[in-house]
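Computed from a predicted structure; not experimentally measured.
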Amino acid sequence: DSNMPHFPPQLGEFKDLQTLRMQPTQESPLTVPQTLGKLLARDTVQVELIPEKKGLFLKHVEYQITSQHFKISVYRRYSDFDVFHELLLQRFAYRMVPALPPKRMDFIEGRRRALGRFINLVARHPFFSEDELVKTFLTFNGSDVQVKMRDACKKMGDEFMTNTMATLAKDYLPADIQAQFSSSRELIRNIHNSFHKLRDRAEKMAERSKENATDLLMFGRELSTLGSDGSPIPSLASSQSTWGILRQSLKGLSVEFALLADKGAQQGRREEDDVVEKLNLFLDLLQSYRDLCERHEKGVLHEHQRALQKYGMMKRQMMSATVQPKEQVSVEQLESRIVQQENAIQTMELRNYFSLFCLHQETQLIFTYLPITSHILGAFVNSQVQGHQEMGAVWNDLQQKLGCLFGVDEMQSPPLTPK
């Protein structure tokens with residue numbers, strides 16, 4: 001404290017100072033001490049599609065949800081996810097809550113993947129993972145999971161009511177919090193845009209690998225059709241033509257082309273599962289950050305503004321009531337309403353600071369997740385190396401087979417067209 005007298009330290013105190021310096025400083029509650037490894041190790045949740053139960057009229061899609069952390073499997077419908085998502089937004093309005101995929105999706109598999117990304121981001125979030133609401137969704141085996149979740153949420157209220165930092169947030173915020181928030185938001189927006197483009201390119205590459213696989217398969221089939229043609233060769237060509245023997249050999253080549261097609265399809269699936277999926281996971285997180293920033297601006301700040309306007313209006317009413325005295329009761333009523341409004345404004349100010357506090361922590365989480373870029377690049381390079389090696393091996397076999405079938409001379413003929 002600047003008002004306290006300062007005495008020169010005694011000799012013995014130097015040792016204490018050195019000891020203090022060697023001890024790690026206590027981290028601010030604002031800091032989120034996480035690494036990407038720690039976040040990913042929190043939980044991995046599998047979401048598997050259960051074959052449709054065909055009722056008399058309704059067909060319900062069910063998912064088997066298996067949490068590694070809780071070591072349990074439960075069954076959930078889309079409506080359970082929907083209620084869970086709605087309650088998460090109520091409970092953690094100041095945090096990144098990933099969006100749910102729309103109920104009506106053309107591809108059931110696409111929805112299953114999106115639900116998997118959603119629940120994994122939630123289960124790995126340091127402020128969600130041990131929450132009663134999340135535990136209920138991942139572990140409750142009764143039939144009325146929606147009721148159970150709503151009850152849990154009612155008991156706890158939102159995070160502002162349960163977080164010990166809620167009323168102290170202001171004391172821990174840096175003075176330039178608004179400037180920090182603006183620059184972080186701009187940087188994250190640019191990262192988001194770049195990752196969108198990367199995902200779109202990766203999707204196109206995976207699509208091309210699958211198309212390439214189909215083309216290789218059809219190419220092999222056409223060769224086989226050509227080789228299966230048993231039409232007699234006309235006498236004018238038969239004397240010097242080797243087409244009869246050559247034609248027989250073509251039939252066998254479809255095996256190699258089918259194998260190449262299979263390797264190409266595997267390559268496409270690897271690119272989808274390992275590269276596109278990881279990019280989508282990070283994009284879902286970045287989108288939830290964008291949504292959070294909008295909630296902060298439209299929600300807390302907007303409500304605070306409205307409350308202040310209402311307060312100003314009440315004050316003006318009070319002024320005119322004291323200038324032109326009316327019944328005592330109405331003045332007293334107005335006074336008590338003003339006190340209530342003052343309390344409401346105070347709560348909103350605290351909520352505003354807590355919202356900024358959470359926003360600061362969520363921004364840190366985005367930066368903690370950023371090294372996922374190296375995971376994505378690693379998966380991309382590995383998928384290409386594996387694909388090229390596997391297909392290269394088949395092409396080599398095919399080259400040798402052609403050499404045996406048609407002779408090396410035939411395969412190394414002069415160019416058919418002048419260079």
Candidate pair Thr363 and Arg185, rule side chain to side chain donor-acceptor pair (under 3.5 Å), full reasoning: CA-CA 8 Å; Thr363 307; Arg185 190 179 181 180; over 6 Å; no
Test side chain to side chain contact (heavy atoms under 4.5 Å, CB included) applied to Val385 and Val381, step by step: CA-CA 6 Å; Val385 169; Val381 171; 4.2 Å; yes
Trace of the side chain to side chain contact (heavy atoms under 4.5 Å, CB included) decision for Leu168 with Tyr353: CA-CA 9 Å; Leu168 309 168; Tyr353 286 123; over 6 Å; no
Test ring-ring contact (aromatic ring centres under 6.0 Å, His included) applied to Tyr75 and Tyr63, step by step: CA-CA 6 Å; Tyr75 295 92; Tyr63 301 93; over 10 Å; no
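In the model, Gln287 has a side-chain atom that pairs as donor or acceptor with a side-chain atom of Asp291 under 3.5 Å. Side chain to side chain, Arg111 and Tyr78 fail the donor-acceptor criterion of an N or O pair below 3.5 Å. Using a 3.5 Å distance cut-off with no hydrogens or angles, the side chains of Glu362 and His125 do pair a donor with an acceptor.
Relative to the six-membered ring of Phe127, Arg95 meets both conditions, a distance below 6.0 Å and an angle of at most 45° to the axis.
Under the 4.5 Å side-chain criterion, counting only non-hydrogen atoms from C-beta, Ile177 is not in contact with Leu359. The closest side-chain heavy-atom distance from Ile188 to Leu286 is below 4.5 Å. At a threshold of 4.5 Å between non-hydrogen side-chain atoms, the residues Ser67 and Thr44 do not count as touching. A 4.5 Å side-chain heavy-atom check between Gln267 and Gln386 finds every atom pair outside the cut-off. Proximity of Arg124 to Leu40: side-chain heavy atoms (C-beta onward) are separated by under 4.5 Å at one or more points. Considering only heavy atoms from C-beta on, Val276 comes within 4.5 Å of Asn280 through its side chain. Residues Glu159 and Asp131 are not in side-chain contact: their nearest non-hydrogen atoms beyond the backbone lie 4.5 Å or more apart. The closest side-chain heavy-atom distance from His85 to Phe118 is below 4.5 Å.
Between Asp82 and Lys103, no side-chain nitrogen of the basic residue sits less than 4.0 Å from a carboxylate oxygen of the acidic one, so the salt-bridge criterion is not met. Of the charged side-chain nitrogens involved, at least one lies within less than 4.0 Å of a carboxylate oxygen, so that Asp284 and Arg117 count as a salt-bridged pair. A salt bridge between Arg113 and Glu277 is present, with a side-chain N of the basic residue lying under 4.0 Å from a carboxylate O of the acidic one. Salt-bridge check for Arg208 with Glu271: failed, with every basic side-chain N at 4.0 Å or more from each acidic carboxylate O.
Applying the ring-ring contact (aromatic ring centres under 6.0 Å, His included) criterion to His192, with sequence neighbours excluded, gives His196. Checked against side-chain hydrogen bond (donor to acceptor under 3.5 Å, both in side chains), His360 has no partners two or more places apart in sequence or in another chain.
Of all non-hydrogen atoms in Val32 and Pro126, the two that sit nearest each other are CG1-CG, 4.3 Å. Closest approach of Lys278 and Ala379 over heavy atoms only: NZ-CB, 4.4 Å. In this structure, Gly230 and Arg247 approach most closely via the heavy-atom pair C-NH2, 4.0 Å. Of all non-hydrogen atoms in Leu133 and Leu88, the two that sit nearest each other are CD2-N, 3.8 Å. Taking every heavy atom of both residues into account, Val134 and Ser129 meet most closely at CG1-O, 4.3 Å. Annotation for Gln361 and Pro29: closest pair NE2-O, 3.0 Å, computed over non-hydrogen atoms.
When ring centroids are compared, Phe137 and Phe81 come within the 6.0 Å threshold. A centroid separation of less than 6.0 Å is found between the aromatic rings of Phe128 and Phe92.
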Please list, one pair per line, the donor and acceptor atoms closer than 3.5 Å that link side chains of residues 140-157 to other protein atoms, with sequence neighbours excluded.
residue: Gln146; atom: NE2; partner: Ser79; partner atom: OG; Å: 3.3
residue: Gln146; atom: NE2; partner: Asp80; partner atom: OD1; Å: 2.8
residue: Arg150; atom: NH1; partner: Glu86; partner atom: OE2; Å: 3.4

Give the table of side-chain donor-acceptor pairs shorter than 3.5 Å for residues 210-222, with sequence neighbours excluded, one pair per line with atom names and distance.
residue: Lys210; atom: NZ; partner: Glu272; partner atom: OE1; Å: 3.3
residue: Lys210; atom: NZ; partner: Glu272; partner atom: OE2; Å: 2.7
residue: Thr214; atom: OG1; partner: Lys210; partner atom: O; Å: 3.1

I'd like a table of donor-acceptor pairs (distance under 3.5 Å, sequence neighbours excluded) in which one partner is a side-chain atom from residues 256-263, with atom names and distances.
residue: Glu256; atom: OE1; partner: Lys401; partner atom: NZ; Å: 2.9
residue: Asp262; atom: OD2; partner: Gln266; partner atom: NE2; Å: 3.2

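Remark: side-chain polar atoms of Thr31 are not paired, donor with acceptor, to backbone N or O of Pro33 under 3.5 angstrom. Of the possible donor and acceptor atoms, none in the side chain of Ser355 sits under 3.5 Å from a partner among the backbone N and O of Arg351. When atom types are taken as modelled, the side chain of Asp43 and the backbone of Gln68 share a donor-acceptor pair closer than 3.5 angstrom. Looking only at distances, no side-chain donor or acceptor of Ser184 sits under 3.5 Å from a matching main-chain atom of Phe181.
Checked against Leu138 for a side-chain contact (heavy atoms from CB on, under 4.5 Å), the options Val74, Val122, Ile65 give a single hit: Ile65.
Counting heavy atoms of neighbouring residues, nucleotides and ligands inside a 6.0 Å radius, atom CD of Gln346 does not exceed 12 of them. Counting non-hydrogen atoms of neighbouring residues, nucleotides and ligands closer than 6.0 angstrom, the CZ atom of Arg290 exceeds 12 such neighbours.
Note on residues 373-405: no pairs pass ring-ring contact (aromatic ring centres under 6.0 Å, His included), not counting sequence neighbours.
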